[in-house]
Amino acid sequence: MNKKLVYSFAEGDGKNKKLLGGKGANLCEMTQIGLNVPPGFVITTEACLDYLSADKFPDGLMASIRDAIGGLETATGRKFGAADKPLLVSVRSGSALSMPGMMDTILNLGLNDETLAGLIEQTGDERFAYDAYRRFIQLFGKVAFGIDDEKFDEHFNDVKERAGVKADIGLAAEHLRAISEKFLLVIRQETGDEFPQDVMRQLQLAVEAVFRSWTGKRAVDYRREFNITPEMANGTAVNVCTMVFGNMGNDCATGVGFTRNPGTGENEMFGEYLVNAQGEDVVAGIRTPRPLTEMEKEMPEQYAQLVELRNKLEMHYGEVQDYEFTIEKGTLYCLQTRNGKMNAAAQVKTSVDMFSEGLISKDQALLRIEPEILEQLLHPTLDPDSSDEPVAHGLPASPGAASGKCVFDADLAEKLGNTGEQVILVREETRPEDIHGFFAAEGILTSRGGKTSHAAVVARGMGKPCVAGAEGIDVDVALRMAHVGGHVIHEGDTITLDGGTGEVYLGAIRTLEADFSDDLRTLLEWADETADLKVMANADTPDAARRAREYGAMGIGLCRTERMFNASDRLPIVIDMILANDKDDRKAALGRLLPIQRKDFVEIFTAMAPYPVTVRLLDPPMHEFLPTEHDLLEQIENLKVYRRVVRGRNTAIATLDHAVKLPEALEELNEEFVNDALARKERMLRKVRELEEVNPMLGHRGVRLGITYPEIYEMQIQAVLEAAMECAKQGVDVRPEIMVPQVITLQEIQHVKRTAGRLVKALEAESGKTLNYKFGTMIETVRACTRAWHLAEVAEFFSFGTNDLTQATFSFSREDAENKFLPMYNEMGVLQDNPFEVLDTKGVGKLIKMAVTGGREQRKDLKIGICGEQGGHPDSIQFCHDVGLNYVSCSGPRVPVARLAAAQAQLRS
Ligand code: ADP
Ligand code: MG
Ligand code: MG
């Protein structure tokens, strides 16, 4: 059976974009719902593929085209290639996905010396006819024979100059006629042949050219750039459409429209048009088009037709449309429609509006928006009108834009920040002890590290913009400056970051505030009603908790207590605790930390009530709270030099013959003080060396620390429970959950649970009140996944820590992988994605499924969630939904994205 290769607009299936291309399918659909589309037909993408594989016109295709042309002749009462009432057509490409500007359209096909004369006679408009002819010759030459525009433009400009006119519109018929004749010469010179006079041959050559353009460089590059696979779009269809003319006088026009304002989503007529012009003129920028709204006065009748067209399009498609139209002698024709591309704000607004107008259902309103784009709405952005050029590029590590004064260390950032100065913390890379600088900074810029570097992860958690790994920047902390290309940035100079693009600018650029609109709120409420999965936030401080709440978090899935340890008022106490010589010393330091942690918890619980807050006990290895060996050695060296200076000064003073009084500060910084400082630094250095591990991430951390130094976890649990008790007394509905990290065996959690049980008993006895709390574990080791059934005996909830679990599954360390081989793996296709960004559902996912099954077999109502970085990624969320998790937890600003993704996961399953 021969397959059908040609469909008239009246018969093609408007849903089959794969076969008919997007443009063709919509032309069919519009024709069939009664919109005024000029008659035409579609040659299928299959015909294109046949042509390309056999390198010849498919059998029977020309006959089908002839038939279809016959159909057009009947419909229009014109004749293809005849002098009397000639039929002219456009030949337009169009694949399943729109590939803007990829392939050229040929207009006015069917003109030759004979039909030209007919056209003149029929319209009585010589100028119009020659204008159409010269356009056709040039486009045909370009598309079918690959002749450069310049070859034609040369002659065109020549005639224009000689005629002394500036705009094309000033050319008279005789000029256009001269131009057409020159153009015919160009064709002969370039091809060695006459311009084809046989209109069927014109058509065949044009169709072949469109077919071939599919494998042309422009199109191939475009598909590669945007990852368009053959499953998404394979081959291009060819649309042959009866010409209508917008350039036959002042009752003619052409234009493009959007059914709503794509910038704001406002429900209004939007678009541009030109009177007396042909298709391409609007986009070509030859004349300045006018806003559609002006058409209401200028052509009221046609404007009314246009409003009707717009309403019908939206009503039918239930989606904002981007359409093209032409008015020929007062009659409106629609030449194309497709779904409109809009920015995030407009997408949200149109979803909410179209639902309330009854155009779409709530499900459609939720499904039509790509969750990721919501992020645009939650962060300040750079003023799009600014024309500044970036001086450096890094990785877009945490979205948002910010300007501020450069500061090269965290202490100064904190100091200036507290005085109300806007600062950007600029470092080679950051470490946990820089955390106070993050709090004070508007944004963070590093010259090393990837999207999951410390700087990136912490900045995302705080919702602050971060550009990481901007290798073009050379930071010299000692000299307090940085070099970027030919520029020098001194401390205090203003710079601007765009964490969404990774760009760095000199000076201040205006930023536009994020706007959590009522429409977004409404849409996300619908999402919550629909979704099964709950969305929680990773939040470590009262401030972050409050912000997460604003983003709509339904609890905290991960509160990392070590982040609380890093604030500048606590770190010295934590260091005392680490340096402690014995248990009593350690307990004394912990005793000082207890009230501080308790206060944090009270605030966090209060901010989150009545939702649960999952507190993870201390996780990182202790050395992370101490300076590096390298820094300590330098500090010790400096102190020794200073001690010699003090001694020298004392000697000098002793040789004076009169007494002097040193300034108070110098009195204080005496030898005794320096000796004390040295002793402390040396003790730190010994400790740092003692704590040094070959593989700290696989070493003494997590529950291993909790078991070897039980007083640490004891203090933390005490702080959680006391805070909960305090909140309960004030009538706050608290739901604390205590979570143990790095667990591999039931015995570990039993051990910690016993401590918790003892403390709860004591507190309850003391207050006479009962405490409601949950006890659970992270699942982030491979062994925990395999032993989930056992762990659930004690654990009331599981939380997958997919960062560590991914490292464990791949036997990669994240930093080494991302800095060394992972980019190449991704590029070569050895691994499709970065598993630290996109959950590896095939490998890590299998372990997750195993743990879910095991855990729920033991404990039916086991609550299970995920708290890794990937928890905010829509694809991971779909997976979490499918395997039956109860919640995902992600950084605060990802919460809205996750809420929409959770609803879509529900709707898609
Ligand atoms: P693109 O995909 O680049 O938009 P189109 O095939 O839509 O290309 O055509 C380019 C221009 O030519 C558009 O402005 C379109 O409206 C106009 N055009 C296409 N076919 C016709 C036709 N049959 N009559 C009048 N104008 C047409
Ligand atoms: Mg178009
Ligand atoms: Mg972990």
Side-chain angles (χ1 to χ4, degrees), residues 8-9 17 20-28 30-31 35-43 68-69 72 75-76 78 80 86-111 119 128 131-132 135-136 138-140 142-143 203 206-207 209-210 213-214 216 218-219 222 233 236-248 252-258 271-287 289 306 309 313 321-329 331-341:
S8 76
F9 290 170
K17 295 194 171 156
L20 304 177
K23 195 183 285 171
N26 278 334
L27 284 166
C28 294
M30 288 195 293
T31 303
L35 297 181
N36 199 21
V37 177
F41 55 89
V42 191
I43 304 169
I69 286 283
L72 298 193
T76 61
R78 297 165 180 276
F80 197 46
L87 169 71
L88 303 185
V89 296
S90 64
V91 177
R92 321 163 66 185
S93 65
S95 70
L97 289 184
S98 126
M99 295 168 54
M102 282 296 92
M103 287 162 275
D104 290 303
T105 292
I106 301 178
L107 299 180
N108 308 329
L109 188 139
L111 279 177
L119 191 64
F128 156 77
D131 192 37
R135 284 174 200 258
F136 169 52
Q138 173 165 3
L139 258 174
F140 189 86
K142 178 173 163 188
V143 176
L203 186 54
V207 171
V210 173
S213 70
W214 180 252
R218 264 198 297 172
Y222 187 92
T236 177
V238 184
N239 304 289
V240 177
C241 181
T242 305
M243 282 304 298
V244 287
F245 297 99
N247 53 344
M248 284 207 300
C252 301
T254 184
V256 293
F258 248 88
E272 292 178 320
Y273 75 109
L274 271 176
V275 171
N276 198 7
Q278 196 166 33
E280 323 248 66
D281 298 355
V282 179
V283 259
I286 298 167
R287 277 192 280 155
L306 197 68
L309 168 70
L313 282 175
Q321 295 294 301
D322 167 358
Y323 60 97
E324 294 176 359
F325 65 90
T326 284
I327 296 168
E328 181 186 284
K329 298 219 168 286
T331 306
L332 175 76
Y333 295 89
C334 188
L335 291 170
Q336 187 178 337
T337 193
R338 61 185 162 203
N339 291 346
K341 289 202 169 65

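Note: hydrogens, waters and symmetry copies are ignored here, and every other heavy atom, side chains too, is used. If you read the sequence from its start, that first residue is 1, and numbering goes on from there. Both ligands and their constituent atoms are indexed starting at 1 by order of listing.
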Contact region, Lys23 to ligand 1, non-hydrogen atoms below 4.0 Å, reads side chain
Closest to the Mg ion (ligand 2), among the N/O/S atoms of Glu324, is atom OE2
Counting heavy atoms under 4.0 Å, the part of Leu107 that contacts ligand 1 is side chain
Counting heavy atoms under 4.0 Å, the part of Gln336 that contacts ligand 1 is side chain
Legend entry - Polar side-chain atom of Thr242 near backbone of Pro39 as donor-acceptor pair, under 3.5 Å: yes
The atoms of ligand 1 lying under 4.0 Å from a heavy atom of Cys241, numbered in the order shown, are 23 (N)
Evaluate Thr326 for polar contact with ligand 1, using N/O atom pairs at a separation under 3.5 Å.
no
Of Asn247, Leu88, Val244, the one whose closest heavy atom lies nearest atom 24 (N) of ligand 1 is Val244
| Any donor-acceptor N or O pair under 3.5 Å, side chains Asn108, Gln278 | yes
*Counting N and O atoms only, with roles assigned by atom type, does the side chain of Thr236 sit under 3.5 Å from a partner on the main chain of Gly94, one being a donor and the other an acceptor?*
yes
For Asn36 and Leu332, indicate whether the former's side chain and the latter's backbone hold a donor-acceptor pair under 3.5 Å. yes
- prompt: Judged by atom type as modelled, is there a donor-acceptor pair below 3.5 Å linking the side chain of Asn26 to the main-chain atoms of Thr337?
  reply: yes
Note: Phe9 and Val240 closest approach over all heavy atoms is CZ-O, 3.9 Å
Practice task
Please find out if the Mg ion (ligand 2) and some N, O or S atom of Gln336 are separated by less than 2.8 Å.
Solution key: yes
